[in-house]
Engineer: 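One structure coming up, written as structure tokens, with questions to follow.
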Amino acid sequence: MTDLYFSIIITVYNTPDEVIEFLNSLTTQTDLNFDVIVVEDSLQAPCKKVCEQYAGKLNIAYYFVPPSGRSEKRNFAMQHAQGNYFIIFDTDCIVPPRYFEIVRKKLTSDYVDCYGGPDNADQSFSNTQKAINFAMTSLMTTGGIRGNTYKVEKFFPRSFNMGMSKQVFETVGGFRNVIGEDLDLSIRIKNAGFRVMLFKDAFVFHKRKLDLKKFLKQVTTFGKARVLLSRLHPGSLKLIHLFPACFALGNVALLLLSLILFNPLPLLPIGIFVLALFLESLFKNKKINIALMSILTSYIQLFGYGFGFLSEWITKKASKVTQEELYG
């Protein structure tokens, strides 16, 4: 293995405030042996001047490109990167000070060509951000896929916190312009025979700047993406991916049954699940108001993902468009 030099990849779209927080977190790293590639395609709220402010603190390169998708911008960044190992983040992430030190040690002791890390909520986050983070990382909602409890051998890195070697990029070809592009890439990396690993200690603080309406839209898209990926990659769909759709339908069925029978007893399983959500969030976040909000965000996550999954399964709308673009 040659000496590791990291290239940090971020793409920007009208979020200069996020870029400031993100770059600030990079300046505090205990390992500064990396360069930063920033690619932007909108001048509505540009971040070029922000990047220029960090020129003396970081080895940073800023590129403005014609309007394009997130996948194209990430691929452009990797094509212009100096490093031999690319690390991709979302701009709403804050990177803890020892992140690159931890990653370098892990790659040096047990090298892998691709890794992913979990996300977490910092104490400074708003109550809504903490509740959304709970919904996205709880074992009861996502199976812990985005947290640090998911089985390592079944882990697929997400692009909010994902690293891969230059060889992977040159072999697999980078991101494709599909919904769920990060999972699509992770599947292709594994199918190409590269070793993939979860680095539990290499977490980021994911400062999702979402209101509940935007969160619903996001998780609905995630549900649609899972069906699309199952068609692009036969065999990738697992039983756990059906849980949100079954959960949503089951909750509706229990509610209707209770109304038909004029009996609250069918609602007992829902009550038990809600109580379990409340207690888990209370244990993690130590606040009753966040625990109560976590019930709402968890139901948004499960219902949004579930009905997005069912919608795409029935209509095949996104799948048809994507397959036409990819395969003609």
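The chain is numbered in sequence order, starting from 1. In what follows, every heavy atom counts, from backbone to side chain, and hydrogens, waters and symmetry copies are set aside.
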Engineer: Are any non-hydrogen side-chain atoms of Ile88 and Asp182 less than 4.5 angstrom apart?
Structural biologist: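 Not touching, per the 4.5 Å side-chain cut-off.
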Engineer: When you compare the side chain of Phe134 with that of Glu280, does any pair of heavy atoms fall below 4.5 Å?
Structural biologist: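 In short, these two side chains touch, coming nearer than 4.5 Å.
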Engineer: Distance from Phe243 atom CZ to Met140 atom CE, nearest 0.5 Å?
Structural biologist: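 That separation rounds to 9.0 Å.
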Engineer: Rounded to the nearest 0.5 Å, how far does CG of Leu259 lie from CG of Leu254?
Structural biologist: 11.0 Å
Engineer: Taking all heavy atoms of Ser159 and all of Arg74, pick out the closest pair and write down the distance.
Structural biologist: OG-NH1, 3.1 Å
Engineer: Look only at the side chain of Gln301 and the backbone of Leu216, and say whether a donor-acceptor pair between them is shorter than 3.5 Å.
Structural biologist: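 A pair under 3.5 Å: no.
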Engineer: Taking only residues at least two apart or on different chains, which pairs with a member in residues 48-70 satisfy salt bridge (charged side-chain N to carboxylate O under 4.0 Å, His left out)?
Structural biologist: Arg70-Glu181
Engineer: Search all heavy atoms of Gly117 against all heavy atoms of Leu198 and return the closest pair with its distance.
Structural biologist: CA-CD1, 4.2 Å
Engineer: Once you round to the nearest 0.5 Å, how far does CE of Met162 lie from CG of Leu185?
Structural biologist: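 The CE atom of Met162 sits 4.0 Å away from the CG atom of Leu185.
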Engineer: Ring centroids only, cut at 6.0 angstrom: are Phe34 and Tyr99 within range, meaning strictly under it?
Structural biologist: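 No, the ring centres sit 6.0 Å or more apart.
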Engineer: Testing the basics here: between Ile37 and Ala77, what is the closest heavy-atom pair and its distance to 0.1 Å?
Structural biologist: CG2-CB, 3.6 Å
Engineer: Looking at Asn161 and Phe89, what are the two nearest heavy atoms and their distance?
Structural biologist: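 Result for this residue pair: OD1-CE2, 3.9 Å.
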Engineer: For the residue pair Phe203 and Phe205, categorise the inter-ring angle as parallel (less than 30°), tilted (30 to 60°) or perpendicular (more than 60°).
Structural biologist: perpendicular
Engineer: Show which side-chain atoms of residues 289-296 pair as donor or acceptor with protein atoms under 3.5 Å away, not counting sequence neighbours.
Structural biologist:
| residue | atom | partner | partner atom | Å |
| --- | --- | --- | --- | --- |
| Ser294 | OG | Ser281 | OG | 2.7 |
| Ser294 | OG | Ile290 | O | 2.8 |

Engineer: Around atom CG of Leu239, are there more than 12 heavy atoms of other residues, nucleotides or ligands at under 6.0 Å?
Structural biologist: no
Engineer: What are the two closest heavy atoms between Ala121 and Lys130, and how far apart are they?
Structural biologist: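 Looking at all heavy atoms of both residues, the closest pair is CB-CG, 4.2 Å.
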Engineer: Going by heavy atoms in the side chains, are Phe125 and Arg208 under 4.5 Å from each other?
Structural biologist: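 No, their side chains stay 4.5 Å or more apart.
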Engineer: Both conditions, 6.0 Å and 45 degrees, for the charged tip of Lys286 above the ring of Phe283: are they met here?
Structural biologist: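 Yes, a cation-pi geometry holds between Lys286 and Phe283.
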Engineer: Rounded to the nearest 0.5 Å, what's the gap from CD1 on Ile102 to CD on Gln29? Could you check?
Structural biologist: 9.0 Å
Engineer: Tell me if the CG atom of Leu257 is crowded by more than 12 foreign heavy atoms within 6.0 Å.
Structural biologist: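 Yes - once you tally the heavy atoms of other residues, nucleotides and ligands closer than 6.0 Å, there are more than 12.
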Engineer: Would you check if Phe303 and Asn251 make a side-chain contact, meaning some heavy-atom pair closer than 4.5 Å?
Structural biologist: yes
Engineer: Any salt bridge between Lys106 and Asp110, counting N to O under 4.0 Å?
Structural biologist: no
Engineer: Distance-only, no hydrogens or angles: does the Ser25 side chain make a donor-acceptor pair with backbone N or O of Ile94 under 3.5 Å?
Structural biologist: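 No, because the side chain of Ser25 does not come within donor-acceptor range (under 3.5 Å) of the backbone of Ile94.
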Engineer: With a 6.0 Å cut-off (strictly less than), is the heavy-atom count around NZ of Lys287, excluding the residue itself, greater than 12?
Structural biologist: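 No, NZ of Lys287 has 12 or fewer neighbouring heavy atoms, counting only those of other groups under 6.0 Å.
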Engineer: Please examine the side chains of Asp211 and Thr128, heavy atoms only from C-beta on, and report whether any two atoms are closer than 4.5 Å.
Structural biologist: no
Engineer: When the ring planes of Tyr85 and Tyr115 are compared, do they come out parallel, tilted or perpendicular, using 30° and 60° as the limits?
Structural biologist: parallel
Engineer: Rounded at 0.5 Å granularity, tell me how far CZ in Arg98 sits from CG in Asp31.
Structural biologist: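 Taking CZ in Arg98 and CG in Asp31, the distance rounds to 11.0 Å.
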Engineer: I need the minimum non-hydrogen distance between Val12 and Thr91, along with the two atoms involved.
Structural biologist: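 Of all heavy-atom pairs spanning Val12 and Thr91, the closest is CG2-CG2, 4.1 Å.
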Engineer: Looking at Asp119 and Arg158, is there a salt bridge between them, counting it only when a charged N and a carboxylate O are closer than 4.0 Å?
Structural biologist: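 No salt bridge links Arg158 with Asp119.
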Engineer: Does some side-chain heavy atom of Val38 sit less than 4.5 Å from a side-chain heavy atom of Phe22?
Structural biologist: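 Not touching, per the 4.5 Å side-chain cut-off.
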Engineer: Evaluate the criterion side-chain contact (heavy atoms from CB on, under 4.5 Å) for residue pair Tyr63 and Lys73; output intermediate values, then yes/no.
Structural biologist: CA-CA 10 Å; Tyr63 295 93; Lys73 287 187 288 185; over 6 Å; no
Engineer: Are Arg226 and Tyr305 in a cation-pi contact, defined as NZ or CZ under 6.0 Å from the six-membered ring centre and within 45° of the axis?
Structural biologist: no
Engineer: Can you find a heavy atom in the side chain of Ile189 that is under 4.5 Å from one in the side chain of Phe156?
Structural biologist: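 Heavy-atom side-chain distance check fails, nothing below 4.5 Å.
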Engineer: In the structure I gave you, are the side-chain heavy atoms of Pro157 and Cys114 within less than 4.5 Å of one another anywhere?
Structural biologist: yes
Engineer: Could you list the residues that satisfy side-chain hydrogen bond (donor to acceptor under 3.5 Å, both in side chains) with Asp122, not counting sequence neighbours?
Structural biologist: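 Ser124.
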Engineer: Quick one: are the ring centres of Phe247 and Tyr299 less than 6.0 Å apart?
Structural biologist: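 Yes.
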